[in-house]
Amino acid sequence: MKTKKLLIFLLVFLLLFTSCKTIGNPDTAGEKTPVLSGQPNPQNPVEDSENQLQSENQEQSEKPFPETPVFDIYEKVPQNSLHSGSVYLYNITADRLVYAKDETKGLPPASVLKIMTCLITLENVADLNRIVEVPQICFDEFESGDPNKDDIATAGIEPLQDNLTYLDCLYGLMTASGCEVSNVLAYNVGNRSISAFIDMMNAKAAELGCTDTNFTNPHGLFTPENNTSARDMFLITRYAYENYPLFKEIYEREIYYMPSNEKHPEGYTLRNRNALSVNSENNPYYTAFTKAIKIGSIDYFYEYKNGAWQVLSEGVTSLASCAVYKGEMYILVTIGAPYYFGPYTDDDGNQLRGLHYTYLDHKRLYEAVMQ
């Protein structure tokens, strides 16, 4: 009897002891002791690591943005102080955007488009010393009566000329901004089809990530559907620069000697008129360390309306340029500055017509970077 009572007493004692331990230690009851964020949890080191990471992420998100690098220039050059409609300035060396204004706005590119014509040629012609065909069809559109195609920039070549190479055409394209030579390249590279070449241009633009571009010709003269943005033109220019060393040689060359033709039996010279890098007293646009890659200008846009050609609006100017400053390479593209109809020269003899506002935009942006 005593033994039975003793067993019952021990059983009750064990039950009471177990209940007290459970109440004193919630972990054994399926609950976790609260742990403050960022504080160690000795009972669960994995959870402790996760809590610490969450705390660090929260602290990081609460930190202010890094200080603006010295070459960010928005305070120095407010967007409303620039004349161009679309602007994109990029530091190639640091792989970083420096400045942008409406960079995805599609605008008429003028002759800056010829960078793509040059790129497609470099990409598809292995031997640039080959002779090209120069058929009359490459000149016909400039004799159609469309004022958008009158008074074109020309490389001085002649229909049916039989001594012209692809390389001659590329210098005529980039140095003299020849519109007729743009068609010659398109005709030859496009397997005797200018329209096929234009398809190649648009396909390449899409491949490079251009989202605001639609090319309708290989020379940049105005049609309502012919548009690109400063960002897209930068992507095209950067690709040409980084993949084809000859591209840089072409736009940096100041003089190129073209072969003879009927009008120039002894041959003739093309000159690169780069106002950004001409250091003279009468040049207000000179900017140290810079080089124009391709310039373009259109004085008026015309539309055919009510049976006649009428002025649609004043034209635009555009420019792709580059600069090397303190070992860093920059590319700047501006599109859509108004064509300047001021006097041919100012009181000091400075040339102010045409690309005046575009040159001023480039000068101002580069000088801000170099300060």
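- There is a side-chain donor-acceptor pair under 3.5 Å between Tyr239 and Glu123.
- Using a 4.5 Å heavy-atom threshold, the side chains of Glu180 and Ile157 count as touching.
- No donor-acceptor contact under 3.5 angstrom links the side chains of Ser86 and Glu103, judged on distance only.
- Relative orientation of the Tyr88 and Phe234 rings is tilted, given thresholds of 30° and 60° on the angle between their planes.
- Between the side chains of Thr216 and Thr223, at least one donor N or O lies within less than 3.5 Å of an accepting N or O.
- The ring of Tyr302 has its center no closer than 6.0 angstrom to the ring center of Trp309.
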Practice task
Under the side-chain contact (heavy atoms from CB on, under 4.5 Å) rule, what do Phe247 and Leu170 come out as? Steps first, then yes or no, please.
Solution key: CA-CA 9 Å; Phe247 176 72; Leu170 285 176; over 6 Å; no
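- Shortest non-hydrogen contact noted between Asp102 and Gly85 is CB-O, 3.3 Å.
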Problem - From CA spacing to verdict: side-chain hydrogen bond (donor to acceptor under 3.5 Å, both in side chains), Ser177, Ser111 - result: CA-CA 7 Å; Ser177 200; Ser111 287; 3.1 Å; yes
Problem - Asp127 and Tyr166: CA distance, side-chain angles, deciding distance, side-chain hydrogen bond (donor to acceptor under 3.5 Å, both in side chains) verdict - result: CA-CA 8 Å; Asp127 183 5; Tyr166 281 99; over 6 Å; no
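- Leu221 places a side-chain heavy atom less than 4.5 Å from the side chain of Cys179.
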Exercise for the section: For Leu164 and Asn261, run side-chain contact (heavy atoms from CB on, under 4.5 Å): C-alpha distance rounded to whole Å, both residues' side-chain angles, the deciding distance at 0.1 Å, then the answer. Expected result: CA-CA 9 Å; Leu164 200 67; Asn261 55 35; over 6 Å; no
Practice task
Evaluate side-chain hydrogen bond (donor to acceptor under 3.5 Å, both in side chains) for Ser321 paired with Tyr366, printing each intermediate quantity in order.
Solution key: CA-CA 10 Å; Ser321 69; Tyr366 281 134; 2.8 Å; yes
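- There is no side-chain donor-acceptor pair under 3.5 Å between His356 and Tyr339.
- Judged purely by atom type and a 3.5 angstrom limit, Ser318 uses its side chain to pair as donor or acceptor with the backbone of Pro109.
- Of the inter-residue distances, the one linking Met258 atom CE with Thr175 atom OG1 reads 9.0 Å to the nearest 0.5 angstrom.
- Side-chain N/O atoms of Thr213 and Asp232 include a donor and acceptor closer than 3.5 Å.
- No hydrogens or angles considered: nothing links the side chains of Tyr251 and Asn274 as a donor-acceptor pair under 3.5 Å.
- Hydrophobic clustering places Tyr268 together with Leu173 (ILVMFWY residues linked when any side-chain heavy atoms are closer than 4.5 Å, directly or through intermediates).
- Relative to the six-membered ring of Phe341, Arg353 misses at least one condition, a distance below 6.0 Å or an angle of at most 45° to the axis.
- Counting only N and O atoms by type, the side chains of Glu133 and Asn188 include no donor and acceptor under 3.5 Å apart.
- A donor and an acceptor atom, one from each side chain of Asn227 and Glu225, are nowhere located under 3.5 Å apart.
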Exercise for the section: Assess whether side-chain hydrogen bond (donor to acceptor under 3.5 Å, both in side chains) is satisfied between Gln161 and Asn163, documenting all intermediate values. Expected result: CA-CA 6 Å; Gln161 187 170 336; Asn163 61 348; 3.0 Å; yes
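- A donor-acceptor contact shorter than 3.5 Å links the side chain of Tyr304 to the backbone of Gly307.
- The cluster map of Ile, Leu, Val, Met, Phe, Trp and Tyr, joined by side-chain heavy atoms under 4.5 Å apart, puts Ile250 and Val189 in the same cluster.
- In terms of hydrophobic clustering, with Ile, Leu, Val, Met, Phe, Trp and Tyr side chains grouped at heavy-atom distances under 4.5 Å, Val324 and Ile331 are assigned to a common cluster.
- Using a 4.0 Å cut-off between charged side-chain N and carboxylate O, Glu207 and Lys204 make a salt bridge.
- The distance from the CD atom of Glu158 to the CD atom of Gln136 is 10.0 Å, given to the nearest 0.5 Å.
- Remark: of the listed residues Leu113, Ile194, Asn183, Thr117, Leu113 is the sole one forming a side-chain contact (heavy atoms from CB on, under 4.5 Å) with Asn217.
- Of the inter-residue distances, the one linking Cys322 atom SG with Lys291 atom NZ reads 8.0 Å to the nearest 0.5 angstrom.
- For the 3.5 Å distance criterion, the side chains of Ser297 and Thr317 fail to qualify, holding no donor opposite an acceptor.
- Side-chain contact check for His362 versus Leu276: some heavy-atom pair is nearer than 4.5 Å.
- Linking ILVMFWY side-chain heavy atoms closer than 4.5 Å, directly or via other members, places Tyr286 and Leu355 in two distinct hydrophobic clusters.
- Inspection of the Arg130 and Thr165 side chains reveals no N or O donor paired with an N or O acceptor under 3.5 Å.
- Side-chain N or O atoms of Tyr340 include none that pairs as donor or acceptor with a backbone N or O of Thr358 at under 3.5 Å.
- When side chains are defined from C-beta on, Ser144 counts as touching Asp146, because their heavy atoms get closer than 4.5 Å.
- For the 3.5 Å distance criterion, the side chains of Asp212 and Thr104 fail to qualify, holding no donor opposite an acceptor.
- Aromatic ring orientation, Tyr357 versus His83: tilted (interplanar angle from 30° to 60°).
- Between Val369 and Leu89, some side-chain heavy-atom pair lies under the 4.5 Å cut-off.
- Checking Asn272 against Glu254 by side-chain atom types alone, no donor-acceptor pair falls below 3.5 Å.
- No side-chain heavy atom of Pro259 sits under 4.5 Å from any side-chain heavy atom of Tyr257.
- Both Leu185 and Leu246 sit in one connected hydrophobic cluster of ILVMFWY residues. Membership requires side-chain heavy atoms under 4.5 Å apart, directly or through other members.
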Practice task
Evaluate the side-chain contact (heavy atoms from CB on, under 4.5 Å) criterion for residues Tyr90 and Asp95: first the C-alpha distance (whole Å), next the side-chain angles of each, then the deciding distance (0.1 Å), finally the verdict.
Solution key: CA-CA 7 Å; Tyr90 203 88; Asp95 196 19; 2.7 Å; yes
Exercise for the section: Please report the C-alpha distance between Ile115 and Leu119 in whole Å, then the side-chain angles of each, then the deciding distance to 0.1 Å, and finally whether the side-chain contact (heavy atoms from CB on, under 4.5 Å) criterion is met. Expected result: CA-CA 6 Å; Ile115 294 173; Leu119 170 58; 5.5 Å; no
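- Ion pairing of Arg238 with Glu242 is present here, as a side-chain N (NZ or NE/NH1/NH2) and a carboxylate O approach within less than 4.0 Å.
- For residues 106-118, no pair satisfies salt bridge (charged side-chain N to carboxylate O under 4.0 Å, His left out), with sequence neighbours left out.
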